[in-house]
*Asks:* 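Sending over a structure as structure tokens; questions will come in a sec.
Indexing begins at 1, ligand by ligand and atom by atom, following the structure's order.
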Amino acid sequence: MIIRVGIIGCGSIAKFRHAPEYHENPNVEIAGFFDYNRERAEALAEIYGGKVYSDYLELIEDETIDAISDCSTNETHHIVTSAALKNNKSVLCEKPIAITVEKAEIILEAEKTSKGILMIGHNQRLTSAHKQAKAILQSGELGKIITFSTTFGHKGPEYWGADKSKDTWFFNKSRSVLGVAADLGIHKVDLLRFLLEDEIIEVSAMAESLNKRDSNDALIDVPDNMVCLFKTQKGNIGTATFSWSFYGDEDNSTKIYCEKGTMMIYDDPDYQIIINKMGQERICYQLEEIQSNDNQTSTGIINEFIDAIIHNRQPIVTGEDGRMALKIIEASILAAETKKTVKVVLS
Ligand SMILES: NC(=O)c1ccc[n+]([C@@H]2O[C@H](COP(=O)([O-])OP(=O)(O)OC[C@H]3O[C@@H](n4cnc5c(N)ncnc54)[C@H](O)[C@@H]3O)[C@@H](O)[C@H]2O)c1
């Protein structure tokens, strides 16, 4: 079975992950690309073949296309993804699902009546260490989870995005809206929901623009650093740190502390998971390294999306997962702004 795919938004995530991973998948034919910046669409079409569309609606309305990747910037996800769903295309929408929970709900409304499936690009669920970590937690060998901490930090999106300058949309309040929280934080919030099999129901947070400056040399008006405290439905507490100013190694680690031992994920250069049982037994897992801005291996997200389409099943990250992760991030920003603990309503 061949799935014909179109890519909307031809910046870094399309160039480094979506286009090459579709190209590698034997069940995919790349139908074409659209970007406001035509040169970026042309550059990908030159490598991978397919048509360069002149408008996102032209691509979405192309009846020969089965599925699209929405790799546009955050503020247009609710427009592009819901239009594609309404045209009965399956959609892999990049994270965050939208810039507000309200806008995410527009997408979920469109999903209800669509013949296409919806998946959100929370690729952390698919790394080999995270899948293994979930299996270890589910096996019960570490006992119940008590507390956790997670971190995602790198040197900033101006080193990653297509526009490598201080004018990057990631620093623009109206386009990225939630800054590092919706760029890196949302990945870890989704990962926590996946690993802990629990819901975050209460948050406290601090979020600041500490370091990044725009082209006028003013501090940016979205947070570049954020620290959160989370309480879960099962009664556990933990912390999360998100940063765009780790000017050395990227930190993508998660630590889970359980009744019978600890689990360190992506906290060691050689071993992707280290289990320590009461200081007496140490089990080290050598798995694939996590993808980073400098290490672009396959994320598995495309294969999962295509397999879900072929088998007409729910993908591993649903639209509702995307909405819940955004809900927690919105609550965390509100907690930081009001300097109050905020409850996350689970509905
Ligand atoms: N899953 C991940 O790990 C991951 C990593 C990076 C970025 N992302 C997400 O991917 C999306 C794109 O990020 P990026 O890093 O590629 O940014 P980028 O700036 O490199 O590229 C974005 C591209 O989209 C184009 N664009 C914007 N709106 C458009 C629209 N409505 N129609 C057509 N083209 C449009 C821009 O012209 C630009 O070329 C963002 O939502 C981002 O959060 C996900």
Side-chain angles (χ1 to χ4, degrees), residues 6-21 32-44 52-60 68-84 91-99 103-104 107 119-127 130 152 154 156-165 167-172 174-191 222 242 244 250 252 290-302 304-305 316-317 321-322 325-326 329:
I7 298 182
I8 296 177
C10 300
S12 293
I13 198 72
K15 177 176 166 186
F16 294 119
R17 305 233 179 109
H18 290 242
E21 292 188 29
F33 301 90
F34 170 67
D35 193 300
Y36 292 141
N37 180 322
R38 195 175 171 91
E39 279 175 20
R40 290 182 192 154
E42 283 171 353
L44 292 185
V52 174
Y53 290 80
S54 51
D55 182 58
Y56 81 97
L57 286 175
E58 188 201 353
L59 190 156
I60 282 169
I68 74 142
S69 265
D70 181 355
C71 298
S72 68
T73 46
N74 301 356
E75 83 285 9
T76 65
H77 289 177
H78 65 288
I79 301 166
V80 171
T81 290
S82 47
V91 185
L92 172 55
C93 172
E94 263 306 339
K95 43 56 58 176
I97 182 171
I99 47 173
K103 289 189 163 48
I107 295 178
M119 175 167 166
I120 311 301
H122 287 294
N123 46 294
Q124 293 246 334
R125 291 186 182 214
L126 286 153
T127 77
H130 289 148
F152 197 174
H154 60 46
E158 74 276 34
Y159 294 92
W160 152 268
D163 176 3
K164 290 189 178 50
S165 81
D167 291 322
T168 171
W169 66 270
F170 284 99
F171 290 174
N172 179 321
S174 67
R175 301 189 65 196
S176 100
V177 181
L178 301 160
V180 73
D183 184 36
L184 304 185
I186 203 156
H187 273 298
K188 290 303 184 189
V189 161
D190 179 67
L191 180 68
V222 291
F242 317 128
W244 276 341
E250 185 167 321
N252 212 323
I290 195 164
Q291 297 78 26
S292 68
N293 289 355
D294 304 322
N295 170 38
Q296 296 295 330
T297 54
S298 173
T299 58
I301 201 102
I302 298 301
E304 165 64 16
F305 177 54
I316 189 170
V317 199
D321 288 322
L326 182 60
I329 289 298

*Asks:* Using heavy-atom distances, let me know which of Ile13, Asp163, Ile7 sits nearest atom 16 (O) of ligand 1.
*Replies:*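 Among Ile13, Asp163, Ile7, the closest heavy atom to atom 16 (O) of ligand 1 belongs to Ile13.
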*Asks:* Nearest heavy atom to atom 2 (C) of ligand 1 wins, so pick from Asn123, Asp183, Ile99.
*Replies:*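 Of the listed residues, Asn123 has the closest heavy atom.
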*Asks:* So, 4.0 Å and heavy atoms of His122: is ligand 1 close enough to count as a contact?
*Replies:*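 In this structure, His122 fails to qualify as a contact of ligand 1 - no heavy atom is under 4.0 Å.
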*Asks:* Without swapping roles, check the side chain of His77 against the backbone of Pro96 for a donor-acceptor pair under 3.5 Å.
*Replies:* yes
*Asks:* If we ignore hydrogens and angles and just use 3.5 Å, is the side chain of Lys95 paired with the main-chain N or O of Leu184 as donor and acceptor?
*Replies:*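 No, the answer is negative, given that no donor and acceptor are paired below the 3.5 Å cut-off.
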*Asks:* Test your reading of the model: is there a side-chain donor-acceptor pair from Thr168 to the backbone of Glu158, 3.5 Å cut-off?
*Replies:*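 No, Thr168 side chain to Glu158 backbone: no donor-acceptor pair under 3.5 Å.
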*Asks:* Between the side chains of Asn123 and Glu304, does any donor sit under 3.5 Å from an acceptor?
*Replies:*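 Result is no, nothing qualifies.
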*Asks:* Only heavy atoms count here, so choose which of Trp160, Phe170, Trp169 is nearest to atom 6 (C) of ligand 1.
*Replies:*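 Among Trp160, Phe170, Trp169, the closest heavy atom to atom 6 (C) of ligand 1 belongs to Trp160.
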*Asks:* For Cys10 and Leu44, work out which heavy atoms get closest and say how close.
*Replies:* CB-CD1, 3.7 Å
*Asks:* Taking only heavy atoms of Gly121 into account, list the atoms of ligand 1 that are under 4.0 Å away from them.
*Replies:*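 Counting atoms of ligand 1 from 1, those under 4.0 Å from Gly121 are 1 (N).
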*Asks:* What residue and atom, counting heavy atoms only, is the protein's closest point to atom 9 (C) of ligand 1, and at what distance?
*Replies:* Lys95 O, 3.5 Å
*Asks:* At their closest point, which heavy atom of Ala98 faces which heavy atom of Ala104, and how far apart are they?
*Replies:* CB-N, 3.5 Å
*Asks:* To the nearest 0.1 Å, how far is atom 21 (O) of ligand 1 from its closest protein heavy atom, and which atom is that?
*Replies:* Gly11 CA, 3.1 Å
*Asks:* Going from CD1 on Ile99 to CD on Glu75, what distance comes out if it is rounded to the nearest 0.5 angstrom?
*Replies:*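 It is 6.5 Å, given to the nearest 0.5 Å.
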*Asks:* Could you tell me which atoms of ligand 1, counted from 1 in the order shown, lie closer than 4.0 angstrom to a heavy atom of Asn74?
*Replies:* 40 (C), 41 (O), 42 (C), 43 (O)
*Asks:* Contact between Glu75 and ligand 1, counting heavy atoms under 4.0 Å?
*Replies:* no
*Asks:* Can you tell which part of Asp35 has a heavy atom less than 4.0 Å from ligand 1: side chain, backbone, both or neither?
*Replies:*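 Contact part for Asp35 vs ligand 1: both backbone and side chain.
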*Asks:* For the pair His187 and His122, name the ring-plane relationship: parallel under 30°, tilted 30 to 60°, perpendicular over 60°.
*Replies:*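 His187 and His122: perpendicular rings.
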*Asks:* How does Cys71 reach ligand 1, if at all, at less than 4.0 Å between non-hydrogen atoms: by side chain, backbone, both, or neither?
*Replies:* backbone
*Asks:* From Thr76 OG1 over to Asp70 CG, what is the distance, rounded to the nearest 0.5 angstrom?
*Replies:*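 Rounded to the nearest 0.5 Å, the OG1-CG separation comes out at 6.0 Å.
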*Asks:* Which is closest to atom 29 (C) of ligand 1 by heavy-atom distance: Tyr53, Phe16, Tyr36?
*Replies:* Tyr36
*Asks:* Taking only non-hydrogen atoms of Arg17, do any sit less than 4.0 angstrom from ligand 1?
*Replies:*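 The answer is yes: ligand 1 sits under 4.0 Å from a heavy atom of Arg17.
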*Asks:* Among protein heavy atoms, which lies nearest atom 44 (C) of ligand 1, and at what distance?
*Replies:* Glu94 OE1, 3.1 Å
*Asks:* I'd like to check whether Thr76 has a polar contact with ligand 1, where a contact means an N/O of the residue lying under 3.5 Å from an N/O of the ligand.
*Replies:* yes
*Asks:* Closer than 4.0 Å to some heavy atom of Gly161 - which atoms of ligand 1 meet that?
*Replies:*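 With Gly161 as reference, the close atoms of ligand 1 come out as 20 (O).
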*Asks:* Considering non-hydrogen atoms only, spot the tightest contact between Phe170 and Gly161 and give its length.
*Replies:* CE1-CA, 4.4 Å
*Asks:* Look at atom 11 (C) of ligand 1 and say which protein heavy atom is nearest, naming residue and atom and giving the distance to 0.1 Å.
*Replies:*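 Minimum-distance protein heavy atom for atom 11 (C) of ligand 1 reads Ser72 O, 3.4 Å.
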*Asks:* side-chain contact (heavy atoms from CB on, under 4.5 Å) for Val317 and Leu126? Distances and angles first, verdict last.
*Replies:* CA-CA 10 Å; Val317 199; Leu126 286 153; 5.5 Å; no
*Asks:* Relative to the heavy atoms of Ala162, which atoms of ligand 1 are at a distance of less than 4.0 Å?
*Replies:*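 Under 4.0 Å from Ala162, ligand 1 has these atoms: 18 (P), 19 (O), 20 (O).
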*Asks:* Take Arg17 and Glu21 through the salt bridge (charged side-chain N to carboxylate O under 4.0 Å, His left out) test and state the conclusion after the steps.
*Replies:* CA-CA 6 Å; Arg17 305 233 179 109; Glu21 292 188 29; 5.3 Å; no
*Asks:* Looking at ligand 1, is there an atom of it that comes within less than 4.0 Å of some heavy atom belonging to Tyr56?
*Replies:*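 No.
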*Asks:* Within a strict 4.5 Å, meaning less than it, do heavy atoms of the Asn74 and Trp169 side chains meet?
*Replies:*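 Of all side-chain heavy-atom pairs linking Trp169 with Asn74, at least one is under 4.5 Å.
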*Asks:* Report yes or no: does Thr73 have a heavy atom closer than 4.0 Å to ligand 1?
*Replies:*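 Yes; Thr73 lies near enough to ligand 1 that a heavy-atom distance drops under 4.0 Å.
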*Asks:* Please report whether ligand 1 has a polar contact with His187, defined as an N or O pair separated by less than 3.5 Å (distance criterion only).
*Replies:* yes
*Asks:* Students should be able to answer this: which protein heavy-atom is nearest to atom 38 (C) of ligand 1, and at what distance?
*Replies:* Arg40 NH1, 3.3 Å
*Asks:* I need the atoms of ligand 1 closer than 4.0 Å to a non-hydrogen atom of His77, numbered in the order shown.
*Replies:* 41 (O)
*Asks:* For Ile316, does its backbone N or O pair with a side-chain atom of Arg125 as donor and acceptor, under 3.5 Å?
*Replies:* yes
*Asks:* Which ligand 1 atoms are under 4.0 Å away from a heavy-atom of Ile8?
*Replies:* 32 (N), 33 (C)
